[in-house]
Amino acid sequence: MLILNKLSIFCIGFIAFINCFSSLGQEKNVNGFEKQTHFITGIGGSYVNVIDEGISPLLYNGIGGGVILGHFQEKEKNLNTFTAKFDFNNPSSSISNAEMYTYRLEGHFQRYWKLSDDQNKKWKVRPGLDLSAKWALRQHLNFTNNSQHIETRFSIAPALMLARPFKLWNRNFELGTFTSIPFLTYATRPLFASTRFPASVNKEEVKFFDYVKEGEIISFSSYFKWSTQYYLYYPLKNGNGLRLDYFWSYENYKAQNPIKTGEHSIMISTFFKI
């Protein structure tokens, strides 16, 4: 019951936060603005640093890759993005030469609101909201048992977008950045690497809901994450587009066994008009 109460409190706060902004950007199109909708596909590489004291107090780092699928929509008053990203990395320790595999599935919904007279400004400043969910698995290759570490995150974060359209060689481009810092997160954090999740001991099969049991609602006092994404977008004449992204993030969770992660990644994405 305590778990359900935690989830209920988080969901109520989640819904209330969305409703606070639901009326923004709902005016009818009176200026002839044409709504733009794109399907996103992308691929890229990454470099990560991990200190997960639930597995080891040593620093692990290594390279990996990822793919992304998404949906982007620009309206007269706001921009909305849904994305799902899968990452794989193979970090290792330079001290012990131990290795691990890391798998991460992360989803985001982002909404940014256009300020008044947005179209006539060189620099476009757009406040927003980032709702995210993450599932991560770390598999330590040097353990024969207690080798898996699974955790989840559900976060609400204020966000900010800066964009600067410009012309180069008579072609249109857009340079911009997104940044967000979660202020409320529901997180699961196992005490140590285990082939059995705490909520599923004595079960032959782990149920999906087991991955979000035994979590806690946390904020800045015990959890800090800062994500920033820089992009260069090139719209094509047929309505499609190409985008180059550089992504940087830092995460610090002060749990019983703390974890710190840092990531750099580069992705190339295509925007297909639909």
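Along the sequence shown, residues carry numbers from 1. Here the structure is a predicted model, which is why all the values come from computation and not from measurement.
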*What are the two closest non-hydrogen atoms of P158 and F183, and how far apart are they?*
CD-CD2, 3.5 Å
*Could you tell me how the ring of H71 sits relative to the ring of F82: parallel (under 30°), tilted (30 to 60°) or perpendicular (over 60°)?*
tilted
*Spell out, as yes or no, whether a donor-acceptor pair under 3.5 Å connects the side chain of N89 to the backbone of P91.*
no
_Minimal non-hydrogen separation, T81 against I40, with atom names_ = CG2-CD1, 4.4 Å
*Answer whether the closest heavy-atom distance between the side chains of P127 and L115 falls below 4.5 Å.*
yes
*If only atom types and distance count, is the side chain of R189 paired as donor or acceptor with the main-chain N or O of T152 below 3.5 Å?*
no
_Sole residue of F271, F173, F72 in ring pair (Phe, Tyr, Trp, His ring centres under 6.0 Å) with Y233_ = F271
*State the CG-CD1 distance between L184 and I156, to the nearest 0.5 angstrom.*
5.0 Å
*Does NZ or CZ of K124 fall inside the cone over Y112's six-membered ring, less than 6.0 Å from its centre and within 45° of the axis?*
no
*Atom CZ in F154, atom CD1 in I217: separation rounded to 0.5 Å?*
12.0 Å
*Please check if atom CD1 in I63 has more than 12 non-hydrogen atoms from other residues, nucleotides or ligands closer than 6.0 Å.*
no
*Taking all heavy atoms of S46 and all of E263, pick out the closest pair and write down the distance.*
CB-OE2, 4.0 Å
_Set of residues satisfying side chain to side chain donor-acceptor pair (under 3.5 Å) with respect to H264, sequence neighbours excluded_ = Y246
*How far does OG1 of T188 sit from CH2 of W135, to the nearest 0.5 angstrom?*
11.0 Å
*Heavy atoms only: give me the nearest T185-S155 pair and the separation to one decimal.*
OG1-OG, 2.9 Å
_Please report the interatomic distance OG1(T37) to CD(E74), rounded to the nearest 0.5 Å._
10.0 Å
*Return yes when atom CZ of R164 has more than 12 non-hydrogen atoms of other residues, nucleotides or ligands closer than 6.0 Å, and no otherwise.*
yes
*Does a donor on one side chain sit under 3.5 Å from an acceptor on the other, for N80 and N78?*
yes
*Would you indicate whether F109, at its atom CZ, is surrounded by more than 12 heavy atoms from other residues, nucleotides or ligands within a distance under 6.0 Å?*
yes
*Which residue pairs satisfy the side chain to side chain donor-acceptor pair (under 3.5 Å) criterion with at least one member in residues 265-274, sequence neighbours excluded?*
T41-T270
*Can you name the nearest heavy-atom pair linking E174 to Y231, along with the distance?*
OE2-OH, 2.7 Å
*Got a sec: does the NZ of K121 have more than 12 other heavy atoms crowding it under 6.0 Å?*
yes
*N90 side chain to M100 main-chain N or O, any donor-acceptor pair under 3.5 Å?*
yes
_Co-membership, hydrophobic cluster, residues Y103 and I150, 4.5 Å side-chain_ = yes
_Electrostatic pair E151-R138, nearest N-O below 4.0 angstrom_ = yes
*Do F224 and Y250 come within less than 4.5 Å of each other through their side chains, counting heavy atoms only?*
yes
*Do F166 and L236 share a hydrophobic cluster (ILVMFWY, side-chain heavy atoms under 4.5 Å, transitive)?*
yes
*Short question: side chain of S249, backbone of W226 - any donor-acceptor pair under 3.5 Å?*
no
*To the nearest 0.5 Å, what is the distance between OH (Y223) and CG (N252)?*
9.5 Å
*Do M267 and F86 belong together in a cluster built from hydrophobic side chains that touch within less than 4.5 Å?*
no
*In the single-linkage hydrophobic clustering (I, L, V, M, F, W, Y; side-chain heavy atoms under 4.5 Å), do Y253 and Y186 co-cluster?*
no
_Connected via hydrophobic side-chain network under 4.5 Å: L59 and I55_ = no
*Flag the pair K114 / L79 as yes when at least one side-chain heavy-atom distance between them is below 4.5 Å, and no otherwise.*
yes
*State, with a plain yes or no, whether a side-chain heavy atom of V125 is found less than 4.5 Å away from one of L160.*
yes
*Start with the C-alpha gap between T102 and R104, add the side-chain angles, then the distance that decides, and say whether side chain to side chain contact (heavy atoms under 4.5 Å, CB included) holds.*
CA-CA 7 Å; T102 65; R104 182 182 64 185; over 6 Å; no
*Shortest non-hydrogen contact from R126 to A163?*
NH1-CB, 4.4 Å
*Check whether more than 12 heavy atoms from other residues, nucleotides or ligands sit under 6.0 Å from atom CD1 of I268, and answer yes or no.*
no
*Before giving the answer on salt bridge (charged side-chain N to carboxylate O under 4.0 Å, His left out), spell out for E106 and K225 the whole-Å C-alpha distance, their side-chain angles and the decisive distance to 0.1 Å.*
CA-CA 14 Å; E106 188 166 358; K225 182 179 180 181; 3.4 Å; yes
*Any sub-3.5 Å donor-acceptor pair from H38's side-chain atoms to G239's backbone N or O?*
yes
*Should the pair K134-E251 be classified as a salt bridge under the 4.0 Å nitrogen-to-oxygen rule?*
yes
*D52 side, atom CG; K260 side, atom NZ - distance, nearest 0.5 Å*: 13.0 Å
_Quick one, F39 with L69, criterion side chain to side chain contact (heavy atoms under 4.5 Å, CB included). Give me CA distance, side-chain angles, the key distance, then yes/no._
CA-CA 8 Å; F39 176 67; L69 296 175; 4.1 Å; yes
